Amino acid sequence: MTFDENTSSEILSASPDIIRTESPQDFEFDCALLSLGKLPVVLCIGSDRVTGDCLGPIVGQMLVERGANAFVYGTLARPITALNLKDAVKHIKAAHGDKKVLAIDSSVGKITDVGKIRVAFGSIAPGSADGKKLPKVGDVSITATVTDPHSTPLSAVRLGVVYSLAQDIASRIIRCLQYPI
């Protein structure tokens, strides 16, 4: 989990009530993903045991199932959680030291930010909302706000909300990975 109160600008909203058109934020999203280069590492962080924290593993699963042109770590079958993140980072550095890393994680934030997806150049700090001291990860990061910690606990976040956000994220990643670099 990442607390994203002061992170990058909003990129898009997964709310079905909003009709999306191409915008400067969409362009920024695409540019950030394209900056990863060929065969990036996509590190999808989260637990498959907590609905509000399963965004990363769902995105990872979707990327693997769609044959993403990337090294994907963190799926529903093999999630990257607080328990194994350090080992995963160590493996990624050893096996893919020359590759850029896209880190994906769910986040908690203001009630008005629920459903928003953000992309940023730079790393994220998984677990920071829970006070965990985990390594910062990513050259580019994507977070999606799934709840306001004062209104809905992570365990009670609706799966449909998380799944919709994951679909948006996975589709954009797949599209950007198909561009020739």
Side-chain angles (χ1 to χ4, degrees), residues 1-20 25-26 29 33 42-66 68 72-89 101-120 122-138 140-174:
M1 282 302 286
T2 307
F3 184 73
D4 68 352
E5 185 174 336
N6 297 312
T7 59
S8 66
S9 61
E10 171 188 337
I11 297 304
L12 59 97
S13 173
S15 170
D17 301 333
I18 295 175
I19 298 172
R20 281 194 273 295
Q25 290 85 8
D26 291 324
F29 192 105
L33 294 180
V42 183
L43 180 58
C44 302
I45 303 161
S47 172
D48 61 329
R49 296 178 183 211
V50 179
T51 311
D53 196 32
C54 67
L55 176 82
I58 293 173
V59 170
Q61 190 71 38
M62 290 175 175
L63 293 176
V64 168
E65 289 174 358
R66 294 179 190 177
V72 179
Y73 292 87
T75 62
L76 290 171
R78 298 186 66 164
I80 303 296
T81 68
L83 299 176
N84 63 358
L85 178 64
K86 289 179 184 175
D87 290 337
V89 169
V101 176
L102 169 62
I104 301 169
D105 198 5
S106 59
S107 65
V108 298
K110 300 174 193 167
I111 191 74
T112 56
D113 289 339
V114 172
K116 291 181 181 174
I117 298 170
R118 291 181 168 87
V119 64
S123 61
I124 56 175
S128 60
D130 296 329
K132 294 178 182 163
K133 301 287 187 211
L134 298 170
K136 289 185 175 187
V137 293
V140 173
S141 58
I142 298 175
T143 59
T145 307
V146 298
T147 189
D148 170 351
H150 306 293
S151 64
T152 306
L154 280 174
S155 60
V157 172
R158 293 182 52 104
L159 181 59
V161 169
V162 177
Y163 193 83
S164 177
L165 289 163
Q167 283 182 308
D168 276 352
I169 293 167
S171 293
R172 284 178 171 269
I173 292 169
I174 291 287

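On a predicted model such as this, the values are computed, not experimentally measured, just so you know.
Under the 4.5 Å side-chain criterion, counting only non-hydrogen atoms from C-beta, Pro135 is in contact with Leu85. Looking at Thr152 and Val114, their side chains never come closer than 4.5 Å, going by heavy atoms from C-beta outward. The side-chain heavy atoms of Thr145 and Arg118, taken from C-beta on, include a pair separated by under 4.5 Å.
The line from CD1 of Ile58 to CG of Asp53 is 10.5 Å long, rounded to the nearest 0.5 Å. Leu33 contributes atom CG, which lies 6.0 Å from atom CD1 of Ile173 (distance to the nearest 0.5 angstrom). Rounded to the nearest 0.5 angstrom, Cys54 SG and Leu154 CG are separated by 10.0 Å. Annotation: the span from Leu63 atom CG to Leu102 atom CG amounts to 8.5 Å, rounded to 0.5 Å. The line from CG of Leu76 to CD of Glu65 is 8.0 Å long, rounded to the nearest 0.5 Å.
Between Lys116 and Asp113 a salt bridge is recorded (basic side-chain N to carboxylate O distance below 4.0 Å).
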Do Leu55 and Asp105 pass the side-chain contact (heavy atoms from CB on, under 4.5 Å) test, and can you show the C-alpha distance, the side-chain angles, and the key distance before you say yes or no?
-> CA-CA 6 Å; Leu55 176 82; Asp105 198 5; over 6 Å; no
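With Ser171 contributing its side chain and Gln167 its backbone, the two residues share a donor-acceptor pair below 3.5 Å. Looking at Asn84, its side chain does come within 3.5 Å of a backbone N or O of Thr81 through a donor-acceptor pair. Proximity of a side-chain donor or acceptor of Ser141 to a complementary backbone N or O of Gly138 within less than 3.5 Å is not detected. The backbone N or O of Ala144 lies less than 3.5 Å from no partner atom in the side chain of Ser106, so there is not a single donor-acceptor pair.
Counting heavy atoms of neighbouring residues, nucleotides and ligands inside a 6.0 Å radius, atom CZ of Arg158 does not exceed 12 of them.
Nearest heavy-atom pair, Ala77 versus Gln61, reported as atom, atom and distance to 0.1 Å: N-OE1, 3.8 Å. For Pro126 against Leu134, the heavy-atom pair with the smallest separation is O-CD1, 3.4 Å. In terms of heavy atoms, Ile117 sits closest to Phe29 at CG2-CE1, 4.1 Å.
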Tell me which donor-acceptor pairs under 3.5 Å the side chains of residues 43-52 have, and how far apart each pair is, sequence neighbours excluded?
from, atom 1, to, atom 2, distance (Å)
Ser47, OG, Arg49, N, 3.0

